[in-house]
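Data block below; observations after.
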Amino acid sequence: MSTLASPPAAAPSSTAPWTRVSDALRAAPGTKVTVKGWVRTRRDSKAEGGMSFIALHDGSCFDTIQIVAKGDLGNYAAEIARLCTGCSIECDGTIVTNPKGGAEVAAGAADGGAVRVIGWVDDPDKYPIQPKAHSFEYLREVAHLRVRTNTFGAVARVRHCLAMAIHRFFDERGFCWVHTPIITASDCEGAGQMFRVSTLDLLRPLARLQGTGESEEAKKVRAECAAKPGMPPWTYGQVDFSSDFFGKEAHLTVSGQLNVETYACALSNVYTFGPTFRAENSNTARHLAEFWMIEPEMAFCDLAWDADIAEAMLKHCIKAVFEERGDDLRFFDERIEKGLIDRLKHVLESPFKRITYTQAIEILEEAVRSGKKKFEFPVKWGTDLQSEHERYLTEEHFMLPVILTNYPKQIKAFYMRLDEGCAPGRETVSAMDILVPKIGEIIGGSQREERLEKLDQRIDEMGLDKNAYWWYRDLRRYGTVPHAGFGLGFERLILFVTGMQNIRDVIPFPRAPKQAEF
RNA sequence: UCCUCCAUAGCUCAAUGGUAGAGCGACCGGCUGUUAACCGGUAGGUUCUAGGUUCGAGUCCUAGUGGAGGAGCCA
């Protein structure tokens, strides 16, 4: 079983012509190095003719390296003694062992050492990142500088580690990374509100023209627009998208799933890993308007294997962070979520609990009946589980990640495979959600409906337009195969692994309602 | 979008309707192989915006803007 990497964390050696801090911390005493980075703190001492202790970080690992700048350096009084948090410097020096046994860089004129200032901080009093505790809410307002803090540096490294671990996981298993489109002109995705992509001139007063009859004013504006060169033609109450860039309505993608299914039906095992956009006005610690999603899709695959892969992938990711980012993980465990490491070890060591939706309802009903738990919302077969229900299952009842399967068809998407042998009125589909403590739903997936007549039936039932899905339906007409896949919210995975509370703090520049600065 | 709460120094927060304060940070000095350093001092304010009530508003009222927590939507 994987254990936490012991300090210093393993980091790939840099190819830079200077020494990265992660490498300097492990270098043998006596090694001559040049390090570059940003000052986190400076402390001075008058001992031994004066010296300054500078904590330097360069992002290569969690720890800073301490530079001991001796008073005999030519620029000591004029520059080194004036260094403050945020200044960028480079330092030539020698690796020595400090009284506490750690590596540090000694830089004195006698040994040919030097500290050169690369960039000063304008006004130290106004520098937004002071050497003190800051709230995450405040740091969100200075997102261009927050990555210089302990926490956001650690999040950035863990995010990278997880991204690479995911690619490795699929690559090692013969999956092909497919770049599904960001812009989609099919209006059939149906996974939520979409952002419009258009080159039409929005400054035209379309809003004034809406209504039931065409007013004199509307007629006038239309005539004006028609007369102006470059103005797109339009019909009353409706935009004429045939004159738009793509000749039809276009949006930012809400999922690459439908596209990636086409590749699964040729390459067998594929996945997407890219940005996803939802224009929902949701204001929570678990939603973003722009986020990254991983969507594997496997041909000749059923729901059970789908769940196997999802569980293996999550465990692989946790393991990778244990092995590669022990330094950052220890910080999260101490300062962000006490007990994080034990929680993750527990997840790593236990098989995920697998139950059907129907069994989940029975557990919830029993909890209510026995008085063990009170819910705000009623538990009833056929309705979607509320947050509180999901949290009870994963946090209180099982205290483990839970894979819920076989949901009632009416609460799931049209493309999910209809289960066979269901009692009338109790039809279910081969859907699967993975719930984890603290986050709730982290993965949603399903076996897809590969039978054309059943798929058509579902499209009709849900009042969708069959023609809009012509190429999706083609997959069922030309060599159809059972296939399955799932979607993993990348930022939710990062929350789960780091113990961070707010999804806006695990993506570099969060986009959410009323939030697109930077 | 709904419910609840919040907005005061660079940051985190105090201040009964009656002279706007502390801690941290910054700056200056002292001490020190220091490392969440420590000790002393200094500077720092249009109390989110726009109205209103009042002799008087940081405090009460209305609207707006932004933020937090919860819910819905979902990943």
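Labels below follow one simple rule: chain letters A, B, ... track the order of the sequence lines, proteins then strands, and each chain is numbered from 1.
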[X] side chain to [Y] backbone, donor-acceptor under 3.5 Å:
{"X": "A/Glu491", "Y": "A/Trp292", "value": "yes"}
{"X": "A/Glu337", "Y": "A/Met500", "value": "no"}
{"X": "A/Arg458", "Y": "A/Lys409", "value": "yes"}

What distance, rounded to whole Å, do you find between the two [atom1] atoms, one in [N] and one in [M]?
{"N": "B/G69", "M": "B/G64", "atom1": "C1'", "value": "22 Å"}
{"N": "B/A7", "M": "B/A43", "atom1": "C1'", "value": "25 Å"}
{"N": "B/C11", "M": "B/G67", "atom1": "P", "value": "16 Å"}
{"N": "B/U16", "M": "B/C6", "atom1": "P", "value": "15 Å"}
{"N": "B/U19", "M": "B/G10", "atom1": "P", "value": "22 Å"}
{"N": "B/C48", "M": "B/U12", "atom1": "P", "value": "14 Å"}
{"N": "B/C39", "M": "B/C61", "atom1": "P", "value": "42 Å"}
{"N": "B/G21", "M": "B/U46", "atom1": "P", "value": "15 Å"}

Will you find, in the side chains of A/Ser52 and A/Tyr76, an N or O donor that is under 3.5 Å from an N or O acceptor?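 A donor-acceptor contact under 3.5 Å links the two side chains.
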
Is it the case that the side chains of A/Thr41 and A/Arg43 hold a donor-acceptor pair, with the cut-off being a distance below 3.5 Å and no angle test?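 Short answer, yes.
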
Could you tell me whether the side chain of A/Leu83 reaches within less than 4.5 Å of the side chain of A/Ile54, counting heavy atoms only?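 A side-chain contact exists here, since the closest heavy-atom pair is under 4.5 Å.
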
State, yes or no, whether a side-chain contact exists between A/Val321 and A/Cys161 at a heavy-atom distance under 4.5 Å.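 Result yes, sub-4.5 Å side-chain heavy-atom pair found.
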
Which whole-number value in Å describes the distance from [X] [atom1] to [N] [atom2]?
{"X": "A/Trp120", "N": "B/C27", "atom1": "CH2", "atom2": "P", "result": "11 Å"}
{"X": "A/Ile503", "N": "B/C73", "atom1": "CD1", "atom2": "C1'", "result": "14 Å"}
{"X": "A/Leu139", "N": "B/G67", "atom1": "CG", "atom2": "P", "result": "15 Å"}
{"X": "A/Glu491", "N": "B/C74", "atom1": "CD", "atom2": "C1'", "result": "14 Å"}
{"X": "A/Ile443", "N": "B/C74", "atom1": "CD1", "atom2": "C1'", "result": "14 Å"}
{"X": "A/Ile54", "N": "B/G33", "atom1": "CD1", "atom2": "P", "result": "17 Å"}
{"X": "A/Met194", "N": "B/C74", "atom1": "CE", "atom2": "C1'", "result": "15 Å"}
{"X": "A/Ile166", "N": "B/A75", "atom1": "CD1", "atom2": "C1'", "result": "12 Å"}

Yes or no on side chain to side chain contact (heavy atoms under 4.5 Å, CB included) for A/Gln257 and A/Arg448, after CA distance, side-chain angles and deciding distance? CA-CA 11 Å; A/Gln257 183 203 312; A/Arg448 322 304 188 189; 3.4 Å; yes

Tell me every residue that passes ring pair (Phe, Tyr, Trp, His ring centres under 6.0 Å) with A/Phe170, counting only those two or more places apart in sequence or in another chain.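 Ring pair (Phe, Tyr, Trp, His ring centres under 6.0 Å) check on A/Phe170 returns A/Phe175, A/Tyr271.
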
Using the six-membered ring wherever Trp is involved, compare the ring planes of A/Tyr392 and A/His397 and label them parallel, tilted or perpendicular (cut-offs 30° and 60°).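 Correct class here is tilted.
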
For a quick check of understanding: with a heavy-atom distance under 4.0 Å over all strands, which category does A/Ala55 fall into, base, sugar-phosphate or nothing?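 Answer is nothing: A/Ala55 stays at 4.0 Å or more from every strand.
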
Students often get this wrong, so: under 4.0 angstrom with heavy atoms, is A/Ile442 touching a base, only sugar-phosphate, or nothing?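 Sugar-phosphate, no base atom in range.
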
Position toward the 5' end of RNA chain B (nearest nucleotide), A/Met293 or A/Pro513: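 Final value for this comparison: A/Pro513.
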
Can A/Phe490 be said to stack with the base of B/A75, given centres closer than 5.5 angstrom and planes under 30 degrees apart?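 A stacking contact does not exist, since A/Phe490 is not both close and nearly parallel to the base ring of B/A75.
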
Identify the stems formed by RNA chain B, where each pair is Watson-Crick or G-U wobble with both distances under 3.5 angstrom and a stem is at least 3 consecutive pairs.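 For RNA chain B the paired stretches long enough to count as stems (3 pairs minimum) are B:1-7 with B:65-71, B:10-13 with B:21-24, B:26-30 with B:38-42, B:48-52 with B:60-64.
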
Run the salt bridge (charged side-chain N to carboxylate O under 4.0 Å, His left out) check on A/Lys438 and A/Glu395 step by step: do they pass? CA-CA 7 Å; A/Lys438 300 214 157 224; A/Glu395 290 175 7; over 6 Å; no

Where protein sits on nucleotides 1-14 of chain B, one letter per nucleotide: B base, S sugar-phosphate only, - none, heavy atoms under 4.0 Å: B--------BBS--

In B/S/- notation, 5' to 3', how is nucleotides 34-39 of chain B contacted by protein heavy atoms closer than 4.0 Å? BB-S--

Quick check on contacts: within residues 376-403 of chain A, what sits under 4.0 Å from RNA chain B by heavy-atom distance?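 Residues of residues 376-403 of chain A that come under 4.0 Å of RNA chain B are, in numerical order, A/Gln386, A/Ser387.
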
Show your reasoning for whether ring-ring contact (aromatic ring centres under 6.0 Å, His included) applies to A/Phe414 and A/Tyr469. CA-CA 11 Å; A/Phe414 75 92; A/Tyr469 298 93; 4.9 Å; yes

Non-neighbouring partners of A/Glu441 that pass salt bridge (Lys or Arg N to Asp or Glu O under 4.0 Å), sequence neighbours left out: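 A/Glu441 satisfies salt bridge (Lys or Arg N to Asp or Glu O under 4.0 Å) with no other residue.
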
Would you say the rings of A/His389 and A/Phe375 are close, in the sense that their centroids are separated by under 6.0 Å?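 Centroid separation for A/Phe375 and A/His389: below 6.0 Å.
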
Atom CZ of residue position A/Phe352 - does it have more than 12 heavy atoms of other residues, nucleotides or ligands inside 6.0 Å?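 Yes, the 6.0 Å shell around CZ holds more than 12 heavy atoms from other groups.
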
